[in-house]
Colleague: 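The structure's right below; bear with me while I get my questions together.
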Amino acid sequence: MPEWTLGKVTNKYPDVPYEEKERLFLETKADPRYPGYIYGCYECGICVSACPSARFYDYSPRVIAQAMAREDVERFYEIMVEDICNCAQCFSCVRCPRQNNPGGLVTIIREMAVRNGVQEARDVLQGYTRVIYKVMLKGNQVSPDMLQPDFFPDWGPWVAGFKGNMKAWRQAIPVDTLRGVTDAAWRTDDETLRELYTIWFETGNIDIIQEVDEGLYDLLVDVMEEELEEWE
Amino acid sequence: MSAPTIIPIVDNIMQKKSRSVRRDPQNAPTHDIREELFELEARGELIVQRVPEPYVEVQTKYGRTKKIPIGKTWHHKSCGQCGHIPGYTASIFWLHRQFGIDHIDPTDQTSCTGWNYYASGTSNPVAQLAVMSRNFAAAHQTGYYPLIHCGTSFGHYKECREEIVHHADYRAEVRRVLAKLGKPLVVPEEIVHYSEWVHVMRDRIAERQVVDFSDITATVHTACHYHKIVVEDAIYDPDIFGGQRTATVTATMQALGAEVPDYSTWFDCCGFGFRHVLVQRDFTRSFAVQRKIQVMKEEVDPDLVVTHDTGCVTTLDKSQFAAKAHDFKVGIPVLSDAQVAALAMGAHPFRVLQLHWHTSDWRPLMEKLGIDWEKYWDEFQEDLAAIRSGEKTLTWEDADAVVLGV
Ligand code: SF4
Ligand code: SF4
């Protein structure tokens, strides 16, 4: 019979030393937001009933709250590499009668996974790096020129039609800050963007990007440093 | 013993939600964050930007009052709105211009970058607080008050405000970063979402209504980040769904004469998912269609869905195309409350509402409202031809006019 311990999963990732998993767990627990996000768990499942991801994935905010409350390091590591990417970050789970915030726990665990260069977190973000490029350099998550048929085939023929019309349609917006802008959501002052770049450097945000994608990091640093040097 | 009565699940939810709740601020389970902000200001730790007069007082979840400014607003735009559904933004500004309300549309503004944070985790709290505080300092410098267009920016900033208040080390770090930019740490007295402004303006909007909505049934989707992040700070009204659901958007639609029925998956999210909507849309589409659009269709068959966030409009609108291939019950247009308010007041459907950016079919709605959309589409085609030939760009001079109902 397989060995089974109440409340503990077997070691699914034996190649990763327990000490490393524990280090990641303790780093997560040390986040200043952590104590306000978990107070124990009744196992009532209210969070699961409200959770969109639980409907479509093998995913449960209750399991996350439970594992964290029990300080189950092995289960925590499994959640970090398998589950957190499924969370929609909608925070429907704050209906929790115990005042837990499972979605908030996921926010912290994700940040830890990325900051520590956990391979599974890097893999999940592979198709996403063009968005990181945009948000770091333009201060906007999306822009009209990102609406490409290759990326949004499921939005139908509208996307292909849009591509041909983008320039004229953007000129046909009465809002001064939007009119004609296609590579960002609105027109932003150069000085504002330099201030944003300063924030990315001063807060260590840019180092997090290095953990995700070295090439993207080099590119961003080049562009931002050049801008900041000109400013000085 | 008689057999127990089994209440169908949808009826059960609706019955529970029809009970009226009244809340007493004396028994609120939270501290009033604004008092803590003022204490920090008294200690010289930060500046609290006061809501300018005139303002309207509304009630939040636990019965506390919140001040919503009418004018002197600094528009914190949303990247999802401005980039992908610009009629949302244009309608907000059109309404301000109609009422002659003093406001600023700044270029000294970045997005909150919260979408990226919730999508990827590629940031950290201090960076997020610094981005917020930089924007707030920029608003404060102008003397205008931030009005947040995006549901996620609104929720994210509420969360950031909690972190600033409760963590001295975060405050110290953010002050250090802001000092490099020559800016003080400023937090507004209230974090205000644009739909709260529309909410307090709804009667004035209705006074100038030229399009009749009395035959229209609308379902409301409330943005998760509006009312689930820092749940307290959202507008509730005992007269709207018994105070059990947020009042914003619903009260606006009711003021315009539309019927706004409840539906059993009201609390569910739209399926946006932050990362999912960009790179894993099978989840987004499934949820948007199966838990929202199809349920609305089956339970109340609305003429339109009204919501108040970038992600929700995009998700609920764009997800319907692929679902048609699977014979799902879809086909409801999706608009923001500001777009609906502007339409009700006679705004141009394309120059202002920019309906051509929406993919779910809005034509039946226009026809039901008695709007000859083809006439306005032809006008807009002329605008585009002139733009393409380099003769003009479209400005407020073209878009300000009330064109419907005249
Ligand atoms: S935040 Fe994540 S865990 Fe919570 S309800 Fe939303 S998808 Fe589920
Ligand atoms: S709602 Fe709260 S107490 Fe209930 S299972 Fe979820 S986390 Fe645990």
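Residue numbering restarts at 1 for every chain, and letters A, B, ... go by the order of the sequence lines. The figures that follow rest on heavy atoms only: side chains count, while hydrogens, waters and symmetry mates do not.
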Colleague: Any idea which of A:G127, A:S92, A:S143 has the most non-hydrogen atom pairs under 4.5 angstrom with chain B?
Modeller: A:S92
Colleague: Under a 4.5 Å cut-off applied to non-hydrogen side-chain atoms, are B:T284 and A:F56 in contact?
Modeller: no
Colleague: Heavy-atom distance under 4.5 Å to chain A: side chain of B:D105, backbone, both or neither?
Modeller: both
Colleague: Which atoms of B:R388 are under 4.5 Å from chain A, going by heavy atoms: the side chain, the backbone, both sets, or neither?
Modeller: side chain
Colleague: Determine the option with the most heavy-atom pairs under 4.5 angstrom with chain B, choosing from A:D176, A:V114, A:V106, A:I206.
Modeller: A:V114
Colleague: Tell me, out of B:T395, B:V126, B:D383, who's got the most heavy-atom pairs with chain A below 4.5 Å.
Modeller: B:T395
Colleague: Any heavy-atom pair between the side chains of A:P52 and B:F283 that's under 4.5 Å?
Modeller: yes
Colleague: Should the ring pair B:H356 and A:W169 be called parallel, tilted or perpendicular, given that the plane angle runs from 0 to 90° and is split at 30 and 60?
Modeller: perpendicular
Colleague: Between CZ of A:R110 and CZ of B:R275, what distance do you get to the nearest 0.5 Å?
Modeller: 6.5 Å
Colleague: Chain B heavy atoms under 4.5 Å from A:N165: which part of the residue, side chain, backbone, both or neither?
Modeller: both
Colleague: Considering only heavy atoms, which portion of B:L181 lies under 4.5 Å from any heavy atom of chain A: side chain, backbone, both, or neither?
Modeller: both
Colleague: Can you tell me how far CZ of A:F91 sits from SG of B:C269, rounded to the nearest 0.5 angstrom?
Modeller: 11.5 Å
Colleague: Check whether any side-chain heavy atom of B:T110 lies under 4.5 Å from a side-chain heavy atom of A:L196, and answer yes or no.
Modeller: yes
Colleague: Taking the six-membered ring of A:F151, is the NZ or CZ of B:R281 close enough (under 6.0 Å from the centre) and on axis enough (within 45°)?
Modeller: no
Colleague: Would you check if A:T192 and B:T107 make a side-chain contact, meaning some heavy-atom pair closer than 4.5 Å?
Modeller: no
Colleague: Where does A:V175 contact chain B at under 4.5 Å (heavy atoms): side chain, backbone, both or neither?
Modeller: both
Colleague: Please flag which part of A:S53 lies under 4.5 Å from any non-hydrogen atom of chain B: side chain, backbone, both or neither.
Modeller: both
Colleague: What part of B:A399 gets within 4.5 angstrom of chain A, counting heavy atoms only: side chain, backbone, both, or neither?
Modeller: side chain
Colleague: Any heavy-atom pair between the side chains of A:P32 and B:E163 that's under 4.5 Å?
Modeller: no
Colleague: With the side chain counted from C-beta on, respond yes when A:V131 and B:W115 share a heavy-atom pair under 4.5 Å apart, and no when they do not.
Modeller: no
Colleague: Think B:R285 forms a cation-pi with A:W155, using NZ or CZ under 6.0 Å from the six-ring centre and within 45 degrees of its axis?
Modeller: no
Colleague: For the CD1 atom of A:I208 and the OG atom of B:S123, what is their distance to the nearest 0.5 Å?
Modeller: 6.0 Å
Colleague: What part of A:R194 gets closer than 4.5 Å to chain B, counting heavy atoms only: side chain, backbone, both or neither?
Modeller: neither
Colleague: Between A:Q89 and B:Y117, does any side-chain donor sit less than 3.5 Å from a side-chain acceptor?
Modeller: no
Colleague: What's the separation between atom OG1 in B:T122 and atom CD1 in A:I209, rounded to the nearest 0.5 Å?
Modeller: 4.5 Å
Colleague: Parallel, tilted or perpendicular, judged at 30° and 60°: which one describes the rings of B:W357 and A:W158?
Modeller: tilted
Colleague: Between B:K180 and A:E195, is there a side-chain heavy-atom distance shorter than 4.5 Å?
Modeller: no
Colleague: Any side-chain heavy atom of B:P125 sitting closer than 4.5 Å to one from A:R33?
Modeller: yes
Colleague: Which atoms of A:C87 are under 4.5 Å from chain B, going by heavy atoms: the side chain, the backbone, both sets, or neither?
Modeller: backbone
Colleague: Say whether B:S111 and A:N140, considering side chains only, have a donor N or O and an acceptor N or O under 3.5 Å apart.
Modeller: no
Colleague: Test your reading of the model: is there a side-chain donor-acceptor pair from A:R179 to the backbone of B:L394, 3.5 Å cut-off?
Modeller: yes
Colleague: Please flag which part of A:I173 lies under 4.5 Å from any non-hydrogen atom of chain B: side chain, backbone, both or neither.
Modeller: both
